[in-house]
Peer 1: 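I'd like to ask you about the structure that follows.
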There are 2 protein chains.
Amino acid sequence: MDTENVIAATPLFQGLEKRYQKDLARIVIKQTYRRGEMIFAEGDQSKGFYIIATGRVKVFKISPEGKEQILHIFGQGEPFGEVPVFTGQPFPAYAEALAETSTLFFPRDDFIGLVRTEPSLALNMLSVLSMRLKRFTALIEDLSLKEVPGRLAAYLLYLSDRSNGANELDLEISKGQLASILGTIPETLSRILTKMTKEGLISSDGKRHIRIKDRMAIEQLANGEKRLT
Amino acid sequence: MDTENVIAATPLFQGLEKRYQKDLARIVIKQTYRRGEMIFAEGDQSKGFYIIATGRVKVFKISPEGKEQILHIFGQGEPFGEVPVFTGQPFPAYAEALAETSTLFFPRDDFIGLVRTEPSLALNMLSVLSMRLKRFTALIEDLSLKEVPGRLAAYLLYLSDRSNGANELDLEISKGQLASILGTIPETLSRILTKMTKEGLISSDGKRHIRIKDRMAIEQLANGEKRLT
DNA sequence: GGATATCCTTGACTTAAGTCAAACCGGCAT
DNA sequence: ATGCCGGTTTGACTTAAGTCAAGGATATCC
C-alpha cells in the first residue's frame, strides 16, 4: 500500500480535504522494522510520531526485575508515539515491533505546522488522545480495583465487542503477551484460564482461540459481582 | 477573582491573544460546589469541561466494594473533564469537590468553535492531554510494576520536586486520600509510613507533614533498587 | 469544654498472586 | 524420525497486601 492510500485509510486523517492529505504525504518518512526490533526507548528524544502501515507494535513499560506492562498494542492505521510531539519531552515508554512492521513517520515540526492550518486535524488528534486517556483510565481501574480474573474477563468481553459480540475469540497474541497486558505473569494467567475452563465459563481449543460459553458469568466476573472459586 | 483574570492566569490559555481570551470569557458559566459535592459521575453525559477558579477537585474510579482509586487531584487553574468533549462519550470517572470550589464551565460546542478558529488553543489543549497521558503512564507503571513502598517513595519525591527539592513536605491531603492515590488502603499506608520512620528514611511531626531524612534511600526505593525490611 | 464523629494506627488473620523449579507440548530444523 | 526450543502448564512455597476488629488520636460542633 502506498503512502497516500495509508493516509486516506487512517481514522486520524478522516474528514480532511484531499489537498491536506497530500500535504501529509509529502512530510512522511517511510520506515520498516523487523520482528523484535526496538522503535524507540523510554527517555529517547522524540522527533515525531508514527502511523502503522502494516504490522503490529507494542508500547510498554518495564521494571528493573524485567516484569513488563503493555500499555497498548497498535495495529494498522493507528498512530503511536504522539505524546512527546505535544509535550516536548522524551518518550515515556518503550515501543517494539511485534512483527515485520512498516510505519509512516511524521516529523514533529512539519506536522505541527499542518495542525496550525487545519483545525480538523487538530480535533481529530484531540479525539485520538482523549480515547487513549479513556483506555488508560480503564487500565488503571483494572490494575487497582480488579483482580486478575476480572481483568481477563473484561479483556475477553473487549475482544468480543471488537468482533461484533462474537463468542469465538482469536487472541492474536501469545499468552505471555496477554499476561503482560493484564498486568500479571504467564503462570497466573494459565491457572486462571484453567479455572475458567473447569467452571464452564470458556472453552479453549487451539492455542490462541477461546470460546465464550457463559457470557453472563464472564460479565459478572468483569464487574466484580462474582469470583472464581 | 473574576472570570477574565482566571482565564488569563490559566496555562491552557497562555499565548492566546487578548481577544480570544475575551471570547472564552463570554462562553463560560460560573459554578460553585461545596466540599464533598459531586461534580459529575461516571457515565454522565457531558456538555463541556471545567477549569478550577478556586478550590480542589478529585477525579476517581470506585469499585463495587467501595475501594477508590484517585486518578488526579486538580487545583487552581487546572482543567478537568475534557475527555468527553473530544470523544463525544460519557465521563469515564467521577469528580468530587474536596473543598469549597468554584469552577468555570466551558460548553462543548462553543469551545470547539473556538478551537476551530484558534490553532494555539488546539495545541495548548493537545499539550494538556499529552501531559496527562504521561502521568497516567507513570501511574500504570506504579500500580503494575512497583510495590506500595516504592509508590509512596515516588510520590514523596514528586512532592519534593514540586517544592524545588525541599525536604520538608506538606501532604495537603488526608492519609486516606493519599492511600487512594497510591492504589492502596489506609491501613497499609500507615504501616509503611511507620516502617519508613523506623528505618530512618523519613520523620513525621504534624499530621500532614513529612521530612525526608534519607533521600538516597527513598530514591532507591522508588526505583526498586531497595526494599523495606 | 466536653461530646461526637472522623481519621489514623495497630494487631491477628486470610488470601491473591508472585517465585522458583520442573515437566510438558507442539512445531521446526537437522 | 530425533532432538531442540519457545511457549505453556503444574506444583510447592513465599509474601505483599488486604480484611476485620479494636483502640487511640484529632478535629469539629454545639
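Both backbone and side-chain heavy atoms feed into the values below; hydrogens, waters and symmetry mates do not. Each chain gets a letter, A, B and so on, in the order its sequence line appears, and its residues count up from 1.
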Peer 1: Can you list every ring pair (Phe, Tyr, Trp, His ring centres under 6.0 Å) pair that touches residues 172-191 of chain B, not counting sequence neighbours?
Peer 2: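 The answer is none; no pair qualifies.
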Peer 1: Only counting residues at least two apart or in another chain, list the ones meeting salt bridge (Lys or Arg N to Asp or Glu O under 4.0 Å) with K146(B).
Peer 2: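 D142(B).
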Peer 1: Using a heavy-atom cut-off of 4.0 Å to chain B, what are the terminal contacting nucleotides of DNA chain C, in 5' to 3' order?
Peer 2: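 Range of nucleotides within reach of chain B: dC8(C) to dA12(C).
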Peer 1: Residues in side chain to side chain contact (heavy atoms under 4.5 Å, CB included) with R211(A), at least two apart?
Peer 2: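 R211(A) satisfies side chain to side chain contact (heavy atoms under 4.5 Å, CB included) with E168(A), S203(A), K213(A) only.
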Peer 1: For T137(B), enumerate each residue passing the side chain to side chain contact (heavy atoms under 4.5 Å, CB included) test, keeping only those at least two apart in sequence or located in another chain.
Peer 2: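 By the side chain to side chain contact (heavy atoms under 4.5 Å, CB included) rule, T137(B) matches K61(A), L71(A), P92(A), F136(A).
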Peer 1: Could you check whether atom NZ of K47(A) has more than 12 heavy atoms from other residues, nucleotides or ligands sitting under 6.0 Å from it?
Peer 2: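 Counting neighbours around NZ of K47(A), 12 or fewer heavy atoms of other residues, nucleotides or ligands fall under 6.0 Å, so no.
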Peer 1: Any chance you could list the contact pattern along nucleotides 5-11 of chain D? Use B for base contacts, S for sugar-phosphate-only contacts and - for none, protein heavy atoms under 4.0 Å, 5' to 3'.
Peer 2: ---SSBB
Peer 1: Would you call T188(B) and I192(B) a side-chain contact if the rule is heavy atoms closer than 4.5 Å?
Peer 2: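 Side-chain contact under 4.5 Å: yes.
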Peer 1: Calculate, to the nearest 0.5 Å, the distance between atoms CE and CG belonging to M216(B) and L201(B) respectively.
Peer 2: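 M216(B) CE to L201(B) CG: 12.5 Å, rounded to 0.5 Å.
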Peer 1: Is there side-chain contact between R208(A) and S174(A), with heavy atoms separated by less than 4.5 Å?
Peer 2: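 Yes; the side chains approach each other to less than 4.5 Å.
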Peer 1: Please list residues of residues 64-72 of chain B whose heavy atoms come under 4.0 Å from any atom in DNA chain D, ordered by number; otherwise none.
Peer 2: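 Only K67(B) qualify.
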Peer 1: Hey, could you give me each pair passing ring pair (Phe, Tyr, Trp, His ring centres under 6.0 Å) that has a residue in residues 149-205 of chain A? Not counting sequence neighbours.
Peer 2: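 As it turns out, the ring pair (Phe, Tyr, Trp, His ring centres under 6.0 Å) pairs with a partner in residues 149-205 of chain A, which skip direct neighbours, are Y155(A)-Y158(A).
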Peer 1: Would a line drawn from the ring center of F13(B) to the ring center of F106(B) be shorter than 6.0 Å?
Peer 2: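 Distance test on ring centres: under 6.0 Å, yes.
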Peer 1: For DNA chain D, which residues in residues 218-229 of chain A have a heavy atom at a distance below 4.0 Å?
Peer 2: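 Close to the strand, none.
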Peer 1: E96(A): which residues meet the side chain to side chain contact (heavy atoms under 4.5 Å, CB included) condition with it, sequence neighbours left out?
Peer 2: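 Side chain to side chain contact (heavy atoms under 4.5 Å, CB included) list for E96(A), sorted by chain: M38(A), K58(A), F60(A).
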Peer 1: Looking at CG of L169(A) and CD1 of I212(A), how far apart are the two atoms once the value is rounded to the nearest 0.5 Å?
Peer 2: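 Reported value, rounded in 0.5 Å steps: 4.5 Å.
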Peer 1: Report the residues that fulfil side chain to side chain contact (heavy atoms under 4.5 Å, CB included) with T197(B), sequence neighbours left out, ordered by chain and then residue number.
Peer 2: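 For T197(B) the side chain to side chain contact (heavy atoms under 4.5 Å, CB included) partners, ignoring immediate neighbours, are I202(B).
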Peer 1: Hey, are the side chains of E100(B) and Y33(B) touching, using non-hydrogen atoms and a 4.5 Å cut-off?
Peer 2: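 E100(B) vs Y33(B): side chains apart.
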Peer 1: Between S102(A) and T54(A), is the side chain to side chain donor-acceptor pair (under 3.5 Å) condition met? List the steps.
Peer 2: CA-CA 5 Å; S102(A) 68; T54(A) 63; 3.0 Å; yes
Peer 1: What stems involve DNA chain C, if each pair must be Watson-Crick or G-U and both of its distances must be under 3.5 Å, with 3 or more such pairs in a row?
Peer 2: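 Detected stem regions: C:1-6 with D:25-30, C:9-30 with D:1-22.
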